[in-house]
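Below is one structure; the comments refer to it alone.
The chains referred to below are lettered A, B, ... by the order of the sequence lines, with proteins before strands, and numbering in each begins at 1.
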Number of protein chains: 2
Amino acid sequence: MKGTVTVKTLAKELNISIATVSKALNDSYEISLETKQKVWDLAKKLKYERNPSASNLRSHKTKTIAVIIPEIANNFFSLAINGIEEIARKRDYHVLIYQTHENSEIEIAFTDSLLSGRVDGILISVSSNTNNKEHFKELVKKIPVVFFDRVFEDIDAVKITTDDYESAYNATCHLIECGCKKIAYLFALNNLITGKNRFAGYQKALKEYNMVYTDEMIVNYDKDTGRNYENIKAMVSSQKPDAVISSIEDLALPCYYVARELNLNIPKDLKILSFSNLNTAPLLNPSLTTIEQPAFEIGKEAAGILFKILDKKYFEPNENHILKSSLIKRDSTSCG
Amino acid sequence: MKGTVTVKTLAKELNISIATVSKALNDSYEISLETKQKVWDLAKKLKYERNPSASNLRSHKTKTIAVIIPEIANNFFSLAINGIEEIARKRDYHVLIYQTHENSEIEIAFTDSLLSGRVDGILISVSSNTNNKEHFKELVKKIPVVFFDRVFEDIDAVKITTDDYESAYNATCHLIECGCKKIAYLFALNNLITGKNRFAGYQKALKEYNMVYTDEMIVNYDKDTGRNYENIKAMVSSQKPDAVISSIEDLALPCYYVARELNLNIPKDLKILSFSNLNTAPLLNPSLTTIEQPAFEIGKEAAGILFKILDKKYFEPNENHILKSSLIKRDSTSCG
DNA sequence: TTTATTTACGAATACGTTTAAGTAAAAACA
DNA sequence: TGTTTTTACTTAAACGTATTCGTAAATAAA
């Protein structure tokens, strides 16, 4: 690493101590404006870049946050990252991305590896098959963490979610008002409050209209894409529901294929409605009625709160911020 | 940071020097198996995690790579990241993500900030409106860089691309063979070899069939989404092409809306074909014929090469790796 | 004027790790 | 047997920055 320009280089060139240089670079009140200016000018001229490792080693500040999500190739999460990145960039923070692929062990490995001081804080959307929250309970004691969208209820950290209960309720009501008599449910995230709330909203609406569901009308999410397709197909063939409501996007698209396979017309024979942030939802055949979450805003909100915590300007660890989703009615549920 | 367990802690506990501990942790040949085992056991017991800053400061190895892309909320790039992440995780590397939002200045700011030793290497897909490659020429001298998909031709670095020329050629031939007489082109990435090759493939096919295009049939990509829609609409209304081929996904979807607006039937009045990795392409109305790039594989390949360079096992800086895209014919170009 | 305070800097140390160089004891060799 | 080599460790010095403490000079207060 010959030729690297460090504080030492600047100090020698200006005939001042490295302490002065360091302080000047950090805009310390201890240094005269005159000296600061000289240091800044030379730093610019020599293209000095602060060594992040050294800086962090000394100051315990990494200017880096980690984002742990199930899958990046998913509209919701990539939009959320977009929001996170926007906030991070404004603060000159760096963003590490980790994908768990819905695998709880990988999730644990990631969080463990982040305990060594690599990042200042963490944003997490929990993997769908994570059952044991003990691990997270330990984590939040050691480093600032904000959970978003996929969250546990009883963890001592800020959580950013959407109005899952209400939006599932409204969506189900919409189907019922369209005349649906038998509404199936594609269940995911069942161990998280997120999934529980969505299902509860569905149940509430049914109850209110004196409708029932049976276990056979519920399809549980499977890690295996092919199996999801098979399970949905089996359910639709045997139960013959007139509507399906999906708690996640990944389970909605297979419905289109199932309908084709079984020669069912959407929406005449089968209406489909899903939690989804697909930007092609309006272009599908037929266009898909969605519960659209404000993914970008969720990301911004989560990152914003995390930075407030890092700035020590936020002190309500247990708060749950709820943003509103919107039901966008399209052809897949048209009452026609 | 009280209670942090460091090499010092382990050394004291075992009554050996910190050098021995460090070497043991790094599985050095200088240390007896017996001692190593003791260190490993204690490290595990006390949940020792190596401090990355200190380690990096000394060894100049960050175990981190950066990925600079235009936009994360894009199927191609999120799949590519997926591939990159898979390779990185296998090597216990961390992945920093930076989005340029097609902004050249942000791109420069990112690369500059990565010069301070924050990462061991960089993967870049160039922003569409980056004209000046001088900056990248400097970059590749200072740190290992692999370019993917959106690349410059004359830069001293490995590049991973797809067979843009051939696939655009084949796609255009497909349209011509379907009887199209007037094929418009939605032009993007015109300053990159990627975009140039795609356009050249289109031109080649036209020439071969003794067809021509005029400048009025070419729509150039604009950063503003709304303007793209307007430009396409204006072109289609005035030129009345019977087919449109889009060099990027973002320009294909507006075509659907334009067709609706102008009451044009796809594919009867207007055929649409696009470079795209949309997973909903088969479900669109009508399903979209795409040139699908092996995004995941591109990511894996790019990361793989970067690690080979970091391992000093790769020495052909100027090589261009070309992966094959596939033309997937669907209803939007059906010959009826 | 003398004393107290402020300003602007420097010396020295610490952050936790890696590594070059040195060394005593053990093993191998002549 | 004495000599060389190998083994298994230790000492000490870095990596580049931030920060505590000390201090001389300048300024303000008495």
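Separating the NZ atom of A:Lys12 from the P atom of D:dT17 is a distance of 13 Å, rounded to the nearest angstrom. Taking atom NZ of A:Lys63 as the reference point, atom P of D:dT17 lies 15 Å away to the nearest angstrom. Distance, A:Glu49 CD to D:dT17 C1': 15 Å, rounded to whole Å. With rounding to whole Å, A:Leu57 atom CG is found 12 Å from D:dT19 atom P. Computed from coordinates, the A:Arg118 CZ to C:dC15 P distance equals 21 Å when rounded to whole Å. Nucleotide D:dT17 holds its P atom 8 Å from the CG atom of A:Leu25, rounded to whole Å. When the P atom of D:dT19 is taken as reference, atom CG of A:Asp27 falls 14 Å away, rounded to whole Å. Nucleotide C:dC9 holds its P atom 13 Å from the CD atom of A:Gln37, rounded to whole Å.
Aromatic ring centres of A:Phe307 and A:Tyr314 lie farther apart than the 6.0 Å criterion allows.
Side-chain N/O atoms of A:Arg58 include none lying less than 4.0 angstrom from OP1 or OP2 on D:dC15. One finds a side-chain N or O of A:Ser55 lying less than 4.0 angstrom from the OP1 or OP2 phosphate oxygen of D:dA18. For the pair B:Asn51 and C:dC15, the criterion of a side-chain N or O lying under 4.0 Å from OP1 or OP2 is not met.
Salt bridge A:Glu102/A:Arg150: present, at least one basic N to carboxylate O contact under 4.0 Å. A salt bridge links A:Arg91 with A:Asp311: the closest approach of a Lys/Arg side-chain nitrogen to an acidic carboxylate oxygen falls below 4.0 angstrom.
For B:Lys308, the NZ atom sits in a loose shell: 12 or fewer heavy atoms of surrounding residues, nucleotides or ligands are nearer than 6.0 Å.
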Residues A:His321, A:Phe148; criterion ring-ring contact (aromatic ring centres under 6.0 Å, His included); working and verdict: CA-CA 9 Å; A:His321 295 234; A:Phe148 68 98; over 10 Å; no

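Side-chain contact between B:Leu96 and B:Ile65 is absent, with no heavy atoms from C-beta onward closer than 4.5 Å.
Judged by distance alone, with hydrogens and angles left aside, the side-chain atoms of A:Ser22 form no donor-acceptor pair with the main-chain N or O of A:Ala19 at under 3.5 Å.
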Restricting to nitrogen or oxygen on both sides, can you table the protein-nucleotides 8-10 of chain D pairs closer than 3.5 Å?
| unit_1 | atom_1 | unit_2 | atom_2 | d |
| --- | --- | --- | --- | --- |
| D:dC9 | OP1 | B:Thr35 | OG1 | 2.8 |
| D:dC9 | OP2 | B:Ser32 | N | 2.9 |
| D:dC9 | OP2 | B:Ser32 | OG | 2.7 |
| D:dC9 | OP2 | B:Thr35 | OG1 | 2.8 |
| D:dC9 | N4 | B:Glu30 | OE1 | 2.5 |
| D:dT10 | OP1 | B:Ser17 | N | 3.2 |
| D:dT10 | OP2 | B:Ser17 | N | 3.0 |
| D:dT10 | OP2 | B:Ser17 | OG | 2.7 |
| D:dT10 | OP2 | B:Thr20 | OG1 | 2.0 |
| D:dT10 | O4 | B:Lys23 | NZ | 2.7 |

